[in-house]
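In what follows, a single structure is set out as structure tokens and then discussed.
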Amino acid sequence: RRGVWLRPLLTFSKEDILEYAGEKEIPYRIDSSNLKPEYRRNRLRLQIIPGLEEVLPGFRAGLQFLAEGLGEYSKRAR
């Protein structure tokens with residue numbers, strides 16, 4: 001949850017979601033703005049994180065673990 005937004009799929013990879021959608025025959029669409037590296041969030045997702053993962057295998061999983069831990073800490077700190 002982030003403000004009024006609920007993000008239940010953040011713990012799943014894109015590959016997991018696409019596989020599930022394919023199995024259940026759920027149509028999906030790609031927002032073309034997500035493919036433009038002009039936006040900082042996209043540049044991180046499309047270029048920087050894959051580059052770090054290439055040099056540091058497991059980087060993405062470690063980043064997710066850290067984010068989940070910080071989220072739990074944030075909940076308890078309130």
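Predicted model only: the values in this text are computed from it and were never measured. Numbering starts at 1 and runs along the sequence shown.
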Give every donor-acceptor pair under 3.5 Å between a side-chain atom in residues 38-51 and any protein atom, sequence neighbours left out.
{"unit_1": "Asn42", "atom_1": "OD1", "unit_2": "Arg45", "atom_2": "NH1", "d": "3.4"}
{"unit_1": "Asn42", "atom_1": "OD1", "unit_2": "Arg45", "atom_2": "NH2", "d": "2.8"}
{"unit_1": "Asn42", "atom_1": "ND2", "unit_2": "Ser33", "atom_2": "O", "d": "2.7"}
{"unit_1": "Asn42", "atom_1": "ND2", "unit_2": "Lys36", "atom_2": "O", "d": "3.0"}
{"unit_1": "Arg43", "atom_1": "NH1", "unit_2": "Pro37", "atom_2": "O", "d": "2.8"}
{"unit_1": "Arg43", "atom_1": "NH1", "unit_2": "Glu38", "atom_2": "O", "d": "3.4"}
{"unit_1": "Arg45", "atom_1": "NH2", "unit_2": "Asn34", "atom_2": "O", "d": "3.0"}

Using a 3.5 Å cut-off and no angle test, enumerate the donor-acceptor pairs between side-chain atoms of residues 54-66 and protein atoms at least two apart in sequence or in another chain.
{"unit_1": "Gln64", "atom_1": "NE2", "unit_2": "Thr11", "atom_2": "O", "d": "3.4"}
{"unit_1": "Gln64", "atom_1": "NE2", "unit_2": "Glu68", "atom_2": "OE2", "d": "3.1"}

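Following chains of ILVMFWY side-chain contacts shorter than 4.5 Å, one can reach Ile30 starting from Leu18, so the two form part of one hydrophobic cluster.
Taking the salt bridge (Lys or Arg N to Asp or Glu O under 4.0 Å) definition, one finds that Glu72 meets it with Lys75, sequence neighbours left out.
Taken from CD in Glu19 to CD in Glu23, the straight-line distance is 5.0 Å, to the nearest 0.5 Å.
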